[in-house]
Protein chains: 4
Amino acid sequence: MAEHLSADKDTEQWALELLALGDEEKMTPKQVAILQAAVDVFAEKGYAGAATSEIAQKAGVAEGTIFRYYKTKKDLLLSIVGPTMSRLLAPFVMRNFGNLLDGSFDSYEDFLRSLIRNRLEFARKNFKILQILIQEIPFHPKLREQFMEDIMSKVFERVTAQVDHFKQKGEIIDVPAPTVIRFTASSIIGYIMTRLLLQPDKDWNDEEEIGLLIRFIMHGIAADPGNRGV
Amino acid sequence: MAEHLSADKDTEQWALELLALGDEEKMTPKQVAILQAAVDVFAEKGYAGAATSEIAQKAGVAEGTIFRYYKTKKDLLLSIVGPTMSRLLAPFVMRNFGNLLDGSFDSYEDFLRSLIRNRLEFARKNFKILQILIQEIPFHPKLREQFMEDIMSKVFERVTAQVDHFKQKGEIIDVPAPTVIRFTASSIIGYIMTRLLLQPDKDWNDEEEIGLLIRFIMHGIAADPGNRGV
Amino acid sequence: MAEHLSADKDTEQWALELLALGDEEKMTPKQVAILQAAVDVFAEKGYAGAATSEIAQKAGVAEGTIFRYYKTKKDLLLSIVGPTMSRLLAPFVMRNFGNLLDGSFDSYEDFLRSLIRNRLEFARKNFKILQILIQEIPFHPKLREQFMEDIMSKVFERVTAQVDHFKQKGEIIDVPAPTVIRFTASSIIGYIMTRLLLQPDKDWNDEEEIGLLIRFIMHGIAADPGNRGV
Amino acid sequence: MAEHLSADKDTEQWALELLALGDEEKMTPKQVAILQAAVDVFAEKGYAGAATSEIAQKAGVAEGTIFRYYKTKKDLLLSIVGPTMSRLLAPFVMRNFGNLLDGSFDSYEDFLRSLIRNRLEFARKNFKILQILIQEIPFHPKLREQFMEDIMSKVFERVTAQVDHFKQKGEIIDVPAPTVIRFTASSIIGYIMTRLLLQPDKDWNDEEEIGLLIRFIMHGIAADPGNRGV
DNA sequence: CATGAATGAGACTTCATTCAT
DNA sequence: TATGAATGAAGTCTCATTCAT
């Protein structure tokens, strides 16, 4: 599926984000099974609707075993979504992000292409966990705070720098960066959600779609480039 | 807040969507109280995390009273989100929607402006219920089916007609309608969610923002209208 | 058993201490059953060793019913021992306690006799609850604090006044009141515990025993009244 | 603290009571650690409220190790309180106890002084275990039987002999021995509990207090030695 | 001997639902 | 119609005990 995605180059550009995942190797097989089962059940039923007994059963483990590894059910949730939140943020805090001196990105379009490829791949790999994250953020203050303060603010700061840079270069219209970002993010998220959630079974040509997506973000859907008044 | 939104004209254009709401008048005060309390609690805690006892308490009725009106807790949920789903669809199925012969919309931009104003107003009025709807759709097959088959497909069909019309008029780029719709919807939903969910307290100038939003949808964020290759 | 105890006069002297018990009449039969069953099981197994399921079974009630009346198991414990603690204290805070102007007690011996009769009767009626109280005080800080600060300090204060009064009258040896009280209390508690706990089935003649007890407290066990040096 | 207690002479008189303790030397360090940790945790939380896992952690051993030495948790409890119960009894069954022919005790007062000093010292050294013993006796039939039948009856028998002896010598009032013993024991236990449990931090002068205690036991608290009628 | 991962019975507690009043 | 006491199934979590290493 979507082998068009040559994530290799991008992976270099964004660097490894597997830090948080490294711990998984220190886990016992049972713990891994619990984690995977929990992801499945949380995604299917939601946190509040998921029973630890079902998780245990799916993991092939006694219910008590879950609580040897995770003090509470909420602990289990946090140890699933917490690391993924960090890795969601990871590429935005890489040192070489936006290091324009080395010519990383020649244009906002290049930046977008790299960003979309990379985060689409990430979303594909962490689909269920992201689903859980989105579902549960409203109901867990700690999660919400971490997401808003640690993640969003950092991402926003970094992307703002990029936008401002290309605004100065004259590539982007002179509109407040937050508005540009909102528009860009909406479009990308809309694509990723359609791609993975609404129509996952459609035969997607990702490279082509990403091309269209970038074209849309940059130039909109109007046939006539003129008459751009508000 | 946002008095700029002269919803009057739009309301006429889209017509009343109070169909499902008419029932409310046949409700006893207790039933109304139950419904309102349920909306509050469901929105705050999620369906699975909400206790009927809390709903009863907030509604000022006995626990048993809830089950006089709604056979089960899930019934209560469906009585809340079901009608709102219909009303979400309502404007798209009005007879005069897309009746372009009477010159309803001179341009795609006009259509967008009317759509955005109208649905933003709707989202504002039904904020909590929409929140509940979005949260619970993944966990209730019936809800999901109704949403995907009854709502989305209908909306899609009607909007596709509009898009095709303006494509033929040469206003819109020659790209498959679903793609155009996805772009458009993403942008609009992104704006509405930012407006109501992420930054509800910001001092928004809706008319201005809607103008920007339409400008984005039509022409993107590039400063240079040329060089539109993919 | 022990009909010798003419508690009537004493009851007048100490006044009613049934205040806290009055609430019991407002209880549903199930709640009373739960309370009684809890007293039995707590007394037999200890708080930590008692299962709410057993209490429910003994009360002829569903386990969930317990938690309609008492939020937690600990709540159930406290609602049992709390009121009894207050009533344990009650006679010591009566206004007429130690009101020597009306000639309540002509001598320390009279005071002791009244006190012993009254508290023995109280202990008999609340035997199991006192047992629970004593068992659980070490393990529940709140209980301990309430007991030490609210109960003991008040009792101590009142009894000290009595002791000092009779010391001034020359009835009691000139030794610090706390020491006198410790000696008196030890003797009385020792009697009550032997009477109710160690040898409850013995055929006791309470009036006679109380006479001996007072004689012992006042004059000890020496045959020879002389040679009283320390 | 309380260096006044020259326990040396008494220790000789009552002889070593380390019988049961001798086993400790055959224990592995881990076993000793387990025992000490168990004493701490049982005393703090009670038997039913104590977790073997906490004991293991405090002892610095694995949970499983406890069960190598003690088949069950109850076994562990009995291994702690059993020997201490025997040692509580020990001085009363020494051959030279009450061997009045060798002039061990010239008077009941001497006997009391020796007894109090000795058992106070014992209680101090075995404070926590005695606490556990008292707490758990009501809930463990085996423990209760052993205590009542093996310990109390033996102690009672021996002390009765002493009391009868001094009664014959005319030192003690002519009252049934059990009653005399109850008075005496209550006073002593009351002192020891106040000393170690209720006010352990007070600056006690034990020799002085023991003098007062004996004086109380022998002559009571009345200022006037006359008028000793019942 | 010692470990500690794993168990599973059973603890406390919640809550949707019923029903006599 | 409305109540709310009562239920009992199911949920989360604890812990004494076992056993392969």
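Predicted model only: the values in this text are computed from it and were never measured. Sequence lines set the chain letters: A, B, ... in the order given, protein chains first and strands last, and positions in each chain run from 1.
- Atom pair Leu76(A):CG and dG11(F):P shows a separation of 16 Å (rounding to whole Å applied).
- In this structure, the CZ atom of Phe67(D) is 18 Å from the P atom of dC1(E), given to the nearest Å.
- Distance Ile55(A) CD1 to dA10(F) P: 17 Å, rounded to the nearest Å.
- Ala50(C) comes within 4.0 angstrom of sugar-phosphate atoms only, judged by non-hydrogen atoms across all strands, and of no base.
- Rounded to a whole Å, the CD atom of Gln31(D) is 13 Å from the C1' atom of dA2(E).
- Looking at heavy atoms from C-beta onward, Leu77(D) lies in side-chain contact with Val81(D) at the 4.5 angstrom threshold.
- Salt bridge absent: Glu149(C) and Arg144(C) never bring a charged side-chain N and a carboxylate O closer than 4.0 Å.
- Residue contacts for Tyr70(D): at a heavy-atom cut-off of 4.0 Å it reaches no nucleic acid atom on any strand shown.
- The interatomic distance linking Lys73(A) (NZ) with dC13(F) (P) rounds to 8 Å, in whole Å.
- In summary, Lys128(B) and Asp40(B) engage in a salt bridge, as defined by a charged side-chain N under 4.0 Å from a carboxylate O.
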Show each protein N/O and nucleotides 7-9 of chain E N/O combination with a separation under 3.5 Å, one pair to a line.
{"residue": "dT7(E)", "atom": "OP1", "partner": "Lys30(A)", "partner atom": "NZ", "Å": "3.4"}
{"residue": "dT7(E)", "atom": "OP2", "partner": "Ala62(A)", "partner atom": "N", "Å": "3.1"}
{"residue": "dT7(E)", "atom": "OP2", "partner": "Thr65(A)", "partner atom": "OG1", "Å": "2.5"}

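- A close approach under 4.0 Å does occur between a side-chain nitrogen or oxygen of Ser53(C) and OP1 or OP2 of dA11(E).
- When each of Ala48(A) and Lys71(D) is assigned the nucleotide of DNA chain F with its nearest heavy atom, Ala48(A) is the one assigned upstream, toward the 5' end.
- Taking atom CG of Leu77(B) as the reference point, atom C1' of dT17(E) lies 17 Å away to the nearest angstrom.
- Leu88(C) places none of its side-chain heavy atoms less than 4.5 Å from the side chain of Asn126(C).
- In terms of position on DNA chain E, the residue among Thr72(C) and Tyr69(A) whose nearest nucleotide sits closer to the 5' end is Tyr69(A).
- Taking the ring centre of Tyr69(C) as origin, the terminal cationic atom of Lys30(C) falls outside the region bounded by 6.0 Å and 45° from the ring axis.
- In this structure, a donor-acceptor pair under 3.5 Å is present between the side chains of Glu63(C) and Thr52(C).
- A donor-acceptor pair under 3.5 Å links the side-chain atoms of Ser79(A) to the main chain of Leu76(A), judged by distance alone.
- A salt bridge links Lys58(D) with Glu44(D): the closest approach of a Lys/Arg side-chain nitrogen to an acidic carboxylate oxygen falls below 4.0 angstrom.
- Below 30°, between 30° and 60°, or above 60°: for Tyr47(B) and His140(B) the angle between ring planes is above 60°, a perpendicular geometry.
- Stem analysis of DNA chain E (at least three stacked-register Watson-Crick or G-U pairs, each with both distances under 3.5 Å) gives E:2-21 with F:2-21.
- The CD1 atom of Ile34(B) sits 8 Å away from the P atom of dA2(F) (whole-angstrom rounding).
- Of the side-chain N and O atoms in Thr52(A), one or more sit less than 4.0 angstrom from OP1 or OP2 of dT12(F).
- The interatomic distance linking Gln57(C) (CD) with dG8(F) (P) rounds to 13 Å, in whole Å.
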